[in-house]
A.B. asks: 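If you scroll down you'll find the structure; I have some questions about it.
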4 protein chains.
Amino acid sequence: MTSRILIRGGTVVSATGRTEADVLIDGETIAAVLAPGQAHALGIAGGEAGDPETSAETRVIDATGKYVVPGGVDVHTHMELPFGGTAASDTFETGTIAAAWGGVTTIVDFAVQRTGENVQDGLAEWHAKADGNCAIDYGFHQIIGGVDEDALKAMTYLVDNEGVTSFKLFMAYPGVFYADDGQILRAMQNAGESGAVMMMHAENGIAIDVLVAQSLARGDTDPRFHSLTRPAELEGEATNRAIQLAKVAGNVPLYIVHLSASEALEEVAEARHRGQNVFAETCPQYLYLTLEDNLAQPGFEGAKWVCSTPLRTKHAHHQADLWKGLRTNELAVVSTDHCPFCMKDQKELGLGNFAAIPNGIGGVEHRMELLYQGVVNGELSLERWVETCCTTPARMFGLAPRKGTIAPGSDADVLIWDPDGHTSIGVDKKHHMNMDHSAYEGFEIDGKVDTVLSRGTVVVENDTFVGRKGHGQYLKRGLSQYLT
Amino acid sequence: MTSRILIRGGTVVSATGRTEADVLIDGETIAAVLAPGQAHALGIAGGEAGDPETSAETRVIDATGKYVVPGGVDVHTHMELPFGGTAASDTFETGTIAAAWGGVTTIVDFAVQRTGENVQDGLAEWHAKADGNCAIDYGFHQIIGGVDEDALKAMTYLVDNEGVTSFKLFMAYPGVFYADDGQILRAMQNAGESGAVMMMHAENGIAIDVLVAQSLARGDTDPRFHSLTRPAELEGEATNRAIQLAKVAGNVPLYIVHLSASEALEEVAEARHRGQNVFAETCPQYLYLTLEDNLAQPGFEGAKWVCSTPLRTKHAHHQADLWKGLRTNELAVVSTDHCPFCMKDQKELGLGNFAAIPNGIGGVEHRMELLYQGVVNGELSLERWVETCCTTPARMFGLAPRKGTIAPGSDADVLIWDPDGHTSIGVDKKHHMNMDHSAYEGFEIDGKVDTVLSRGTVVVENDTFVGRKGHGQYLKRGLSQYLT
Amino acid sequence: MTSRILIRGGTVVSATGRTEADVLIDGETIAAVLAPGQAHALGIAGGEAGDPETSAETRVIDATGKYVVPGGVDVHTHMELPFGGTAASDTFETGTIAAAWGGVTTIVDFAVQRTGENVQDGLAEWHAKADGNCAIDYGFHQIIGGVDEDALKAMTYLVDNEGVTSFKLFMAYPGVFYADDGQILRAMQNAGESGAVMMMHAENGIAIDVLVAQSLARGDTDPRFHSLTRPAELEGEATNRAIQLAKVAGNVPLYIVHLSASEALEEVAEARHRGQNVFAETCPQYLYLTLEDNLAQPGFEGAKWVCSTPLRTKHAHHQADLWKGLRTNELAVVSTDHCPFCMKDQKELGLGNFAAIPNGIGGVEHRMELLYQGVVNGELSLERWVETCCTTPARMFGLAPRKGTIAPGSDADVLIWDPDGHTSIGVDKKHHMNMDHSAYEGFEIDGKVDTVLSRGTVVVENDTFVGRKGHGQYLKRGLSQYLT
Amino acid sequence: MTSRILIRGGTVVSATGRTEADVLIDGETIAAVLAPGQAHALGIAGGEAGDPETSAETRVIDATGKYVVPGGVDVHTHMELPFGGTAASDTFETGTIAAAWGGVTTIVDFAVQRTGENVQDGLAEWHAKADGNCAIDYGFHQIIGGVDEDALKAMTYLVDNEGVTSFKLFMAYPGVFYADDGQILRAMQNAGESGAVMMMHAENGIAIDVLVAQSLARGDTDPRFHSLTRPAELEGEATNRAIQLAKVAGNVPLYIVHLSASEALEEVAEARHRGQNVFAETCPQYLYLTLEDNLAQPGFEGAKWVCSTPLRTKHAHHQADLWKGLRTNELAVVSTDHCPFCMKDQKELGLGNFAAIPNGIGGVEHRMELLYQGVVNGELSLERWVETCCTTPARMFGLAPRKGTIAPGSDADVLIWDPDGHTSIGVDKKHHMNMDHSAYEGFEIDGKVDTVLSRGTVVVENDTFVGRKGHGQYLKRGLSQYLT
């Protein structure tokens, strides 16, 4: 049995540059990165073009003409998330297989404490769901839906013992996840002590709920009113509020999830300009989809794109601003907020009442593809593609240098990307998530996932998933390395 | 003779992380970066602690407990620059040796076209000065002191043929280097076509010259008036003007040199926030030295610190802002603007008239040291130290991936830094620049340059310069990779 | 009995200029403003210096060398306000007499609906307190402490029928006055329909209450912790939140009360710059008093200055910013937030627990004096003194042109101000509020209230109050004229 | 002969409110402003509706249903200005008569010193042109086209002796009016000493001239290229430059003329927010006309609208921003920059070369009308109409309280405006300027100039000019009262 893999002839792309190099994998980790010719010089079988591609010692993967990049790190997924009387349609098995199909080798999912529940029970429940079922490695953030003394103690415990070093609070969804500003402040103070990163769903849910009730009362029940009752100002407002609370708590690191609006980006950018430790992610849906083109499609079609924060109008400049933010690092990360629901039986719960539509878009499979198209379109550099999708998420959430980089000693999580390939996205095309539709139906990508390795094991090649559930391991995360 | 070097046991630090790894050098370039143990596994002599440190094949350098980082890239030096009737006191020989002492393996110096002179003559003159005299590799920017049809043609020629892909203009020094706004616009348009980066000395020299004349007429002739007659507002103003002209010219990449004032940083940050391709460097003198503590020293002492842009008052928040800018990438690069003059016979030309003091501070030797102290002080991360001093300058000015990174195939320019060492800066301590004083006299650094390699050759080790003049080669630079 | 008064020889100062003119009063209103000499020409007795000063027809008041300005309009007072188990120490009688002493001829006090109470009951209660007791005219804003369907209906009713056209909500004081963001949004929507102005106490009281509890738990119980537990960021945050909610509600006019912090001013200024209808008042205490100099006085002395929003640190630039804001109209109004409590038996309720100190500073008597000193100190113009203290408050709250201006037909509310006089403030000096201390003890004013007329009746002259309780009438206010 | 006029029954509108009042004029000045009924009570003939309208003593003008406002003050006109080989087509006679037709009773025109000429000669020349020819009162600013020792001395002399207290410099038009930044700084320092206001034509003319030459060289010679070669960024840039120079000169009051671009407004607003004494005017052309609709009309038609600063594109938000700026006082003044040229023989000088088209639009007649339409359209309040067109310009330039206000003692310059009237603008309609076209052809105004008085003399009534050339007097202006 071969214990080594040599990825030969490709262009290794990092967050800061690209270089012609071979990548030698030994077992689960990267053994070396070698200049062209050196594999041969060092007597590594397959080290030269003429060498046999597979030997007893070393399997050779030819990456000539391809990009060799770190496996994708998606730090915002919701597998099997119960929501509104149903649950996200991807299990950890189906979801992580779809992720692998998309070149993603690590996810960080959200364990959930709902208001009134116990934090550690929530974490245990998520471990139970994921354990033995994942095709790629995974970690957990913890949602804190009820900040009290017990929850605060649990937060510290999770940081110190469980490898859970980031916590998400919600400024929306009262009665389910909502934390008031006093609770937020206390949780932030706690994070400041433990070194955790505080994540925030930043929308003013109290005001939004008034707008939602008024909209429904007026008979404005179609999916598009989901966006119209969540105005961008209320995302900007909540973002600023979270930023100020983090400052009062002692400049605690704050990470804004699924940022969708220019107004919120302005607040993040201003805080960063002042020197505050504020970070944000956006998601492909906010970069490509809009209220008018998607959410407002006739009939109930728009339900496919009901997610929160919502898709924004194209008659402003949200998307141009978000791309700009990715270029300038005002936005540090791209995640998916993968939270898939089928139209049948799931999204349909909200027929006649947009507020009852389960919130979420599935996308874990397509993030690397969609963002690469941004590179093709001139929106960001190849290096920023790697940085925002792999390197920074790993560093931000305490997974570096194990994940997010092609470096000796790092896990051999590798995506070989073919810039000359092509990908057609759609339920009848490339589509492996457990959904009866695709949010990105009809998208064409000028590039292709060629081969994916997870901890030294090839999991996708030749348009075939060759991995297995259970391969994926739980990642005890350390503290954020992003600021150290 | 050994052709290989193995740097063993260190922590390789890049712009985005650190990893335990060995670095194998073969000839002038890096052959491989290897996980611990892999050198041994691959049969590389010296690959394990027990191995002999030097063999016929491989010399071993033990970097245990040390940081292995790319050799420093200082993109702003002025060796032998004629100025005000004298010339900068470091030759390319003395200056590049001092640079090597400071862990710097690449400089980009400024060839000069003065108003009324020919561009290519200026470049030829600089080649003549540097050729055969440099201890480390070097490139040239070109100063354009007289924008006209000939100069514009020469700019294009230099980009296409001479590896000179960046041009500096001056908004100060009328009659010597000054370009008016129309000339700046034309040069920027030209850069937009050729792909060059436009560099700018951004001070409103026309207004400054009025303030200088008024100050001298009042009898305010001491060195401190050098700063008082160059108010921060006039650096901010010129910075904005350059930014707007670059926008009108078609969003041409603009790089502000030696940024010293909060006002200028605000303009850069705002332009970047708008999405414009604007970058800036600052220098150690602006991060550590001030009008009050240095320039205003009694008698003529302050002359040591006469440089332009000038040192700023400590009664504002310039330094805190600059450190913040380095953390947030509002400032992309740290350079030195190395332009040394001795007090004797040189700075003394301005006795009784600050305006006649040659402008410049020598610092090429101390940038890596001074900025590392910023890491110790918690001002920036180890990764940003590498990024701002090595990686970004190389990428910004078309030297990557050959320079600025520890990667297979890159030049084996390596600084081994000892975080447990100590450096005392001062003319009787560590001081190898050709100056009769040090701008940083008495500075103590909690770390130390241990070993320096230039293109695979050890040039500094055991507190000894073991390189030689003439080792350094001219670098034909490509276009900036920073935005691609 | 004379029915006319001629104020002769003074300089009439308006918001936009000053002019030498006589003011003729006929009954309760201003009959004419006349150029010098015209009174005589028109045969008005006393119209010329030689004329007898009082005749059967016309009483003459000589204002030579004095400023003739509109009587002060203080739109933020709390007479007899129940608070924390006690009540503000000035009744409508004592408070309005003190106001008259200070050149104020109109107050707008706050009728109160507490959480759980009925709006119209609150208004009736305030009418009962004031009716027949006021020495000067008065109106009411309505505090809405419990936004629900009944309260919203009541708001509309008050606008349409009761001359109450402005409503204050609180983002602080949960359980007493606090409105959540949904309630705020609904109240703002209501104001948008009725034309009312929404007033906001903008502090994040939910977060503040956490800080207060933590401070007390730590044993930090002295008065100064009142300010330290109400950080400026939480005033800025709430101010922005109110602004965004007002925008979502349809750009409803929003008036921020007692703005004290630079952070809040920034938000107001930015909203105004965007074109939003946002206004703000500040109070003399924020212009002159500080945490360190006042609130942090040894022992329990600081309790005198416990008010919310709190006094701010002098180690920032709050006061300079507020004065600047007054000059530039970023701050439109100066009010007092007059809410007096004696030290004995009242402030002392908070001995050992700053949170139990009744919140409030008494100042209704001194606003015109303190702000005039700002004119003397070069902080604002004489015209802005009149505008911010008289004209704008009247226009903002639907009292113009009856109040706030020296114009024919307007109420003859006049303050004759002596710029050559002097006023010493202090309990043993000028002090007519029902308080056992003065927040401005020891302040010296380079000017003096000379004579005060309320609706044509002299109420203060010769350092004597010559008015009477019951003279003051309730003012049914119209809609704000500030934007029309 | 009657010596008195009583304007009876109107609504007097000031910058801060409106009131029903009668205005009594005695000779050249306002004698009194009276509440309704008071004229009668004081025995003034015609003081009541039943009274005869004209008596031996008092002529009565019935203003029932009309607005009585101060005569307009236009602080930016160029009568008879030589420009590009021709001269502005309105003489002081024709221009001031047209102004009167438009309700304007004061102009401040620009005396000119061109580069190389003598300041006082320029002033004398302008006196010679105007003396005895004006139908309304007039003052002079002085253009300084050549800042040197003589000019600086002259500036001081003009402030102290000639009633010229404001000076305009140009950042454009090299060789004609252009001042470099050193000259600007020196002139500003001089103004700081004398108390004068510095006015600035803020466009980067050096860069613009490059763009113009390039445009012509490309064959882009049509009128629309006049705007395309003067990009908004270069107005913003110059505005910021002027602001920073004014700050360096000691916070000297700075007044930006004919502001047309959002970019420039941002700079003014930011400077004001910082507390700097920066003011700006805009003109009706920038509020109503655009590049696309006017300047880019087919053939040579666009030449009518060639002015500098130029008309801006409607595909940005310049006009919305300017109206907003007027509402918020970011823009303090509306002037016309009246500089008329006929198409025939004048504008036609630029056939085939937009750069040779005389720069200027005539509008002195229509400012009050066009801005009143802004009131009708809801863009600004009636009070701001008066403030921006009458009161502030008078205060800004040392004419208050003589001009710009309806107050006792002020000049009886009165515009009676009929809100129920209608005005059609156009060469065959209302058009009294000496121009063969109208920049506002076809504009319809929902209001009408009813009657105009200049220093107590009716000059326009019953759609007839009844004044005379020579009635207008030179106004020696004092220092700006705007900041005192």
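Here is the naming used below: chain letters follow the sequence lines, and residue numbers restart at 1 for every chain.
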A.B. asks: Check each atom of B/Asp26 against the heavy atoms of chain A and say whether the ones under 4.5 Å are side chain, backbone, both or neither.
C.D. replies: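 The side chain, not the backbone.
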
A.B. asks: Compute whether any side-chain donor of one residue and acceptor of the other, for A/Arg272 and B/Thr328, lie under 3.5 angstrom apart.
C.D. replies: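 There is no such pair (donor and acceptor under 3.5 Å, judged by atom type) between the side chains of A/Arg272 and B/Thr328.
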
A.B. asks: Could you verify whether a donor N or O on one side chain and an acceptor N or O on the other, from B/Arg18 and B/Thr11, lie under 3.5 Å apart?
C.D. replies: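 Distance-only check fails for B/Arg18 and B/Thr11.
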
A.B. asks: Who among B/Gly378, B/Ala31, B/Gly275 has the most heavy-atom pairs with chain A under 4.5 Å?
C.D. replies: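 Max contact count across the listed options: B/Ala31.
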
A.B. asks: Out of A/Asn329, A/Thr16, A/Thr392, return the one with the most heavy atom pairs under 4.5 angstrom to chain B.
C.D. replies: A/Thr16

A.B. asks: What is the distance from atom CG of B/Asn251 to atom CD1 of B/Ile243, rounded to the nearest 0.5 Å?
C.D. replies: 11.0 Å

A.B. asks: Assess whether a salt bridge exists between A/Asp411 and A/Lys403, defined as any Lys/Arg side-chain N lying under 4.0 Å from an Asp/Glu carboxylate O.
C.D. replies: yes

A.B. asks: Please rank A/Leu24, A/Val33, A/Thr19 by heavy-atom pairs under 4.5 Å with chain B and give me the top one.
C.D. replies: A/Val33

A.B. asks: What part of B/Glu270 gets within 4.5 angstrom of chain A, counting heavy atoms only: side chain, backbone, both, or neither?
C.D. replies: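 Answer is neither: B/Glu270 stays 4.5 Å or more from chain A.
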
A.B. asks: Which answer fits B/Glu330, side chain, backbone, both or neither, if we ask what part of it has an atom under 4.5 Å from a heavy atom of chain A?
C.D. replies: side chain

A.B. asks: How long is the straight-line distance from CD1 of A/Ile30 back to CD1 of A/Ile5, given to the nearest 0.5 Å?
C.D. replies: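 Answer for the CD1-CD1 pair, A/Ile5 versus A/Ile30, is 11.0 Å.
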
A.B. asks: Please flag which part of B/Ala21 lies under 4.5 Å from any non-hydrogen atom of chain A: side chain, backbone, both or neither.
C.D. replies: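 Only the side chain of B/Ala21 comes within 4.5 Å of chain A.
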
A.B. asks: In terms of side-chain heavy atoms, does A/Glu266 have a donor or acceptor partner in B/His273 at a distance below 3.5 Å?
C.D. replies: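 Looking only at side-chain atoms, B/His273 and A/Glu266 do form a donor-acceptor pair, the distance falling under 3.5 Å.
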
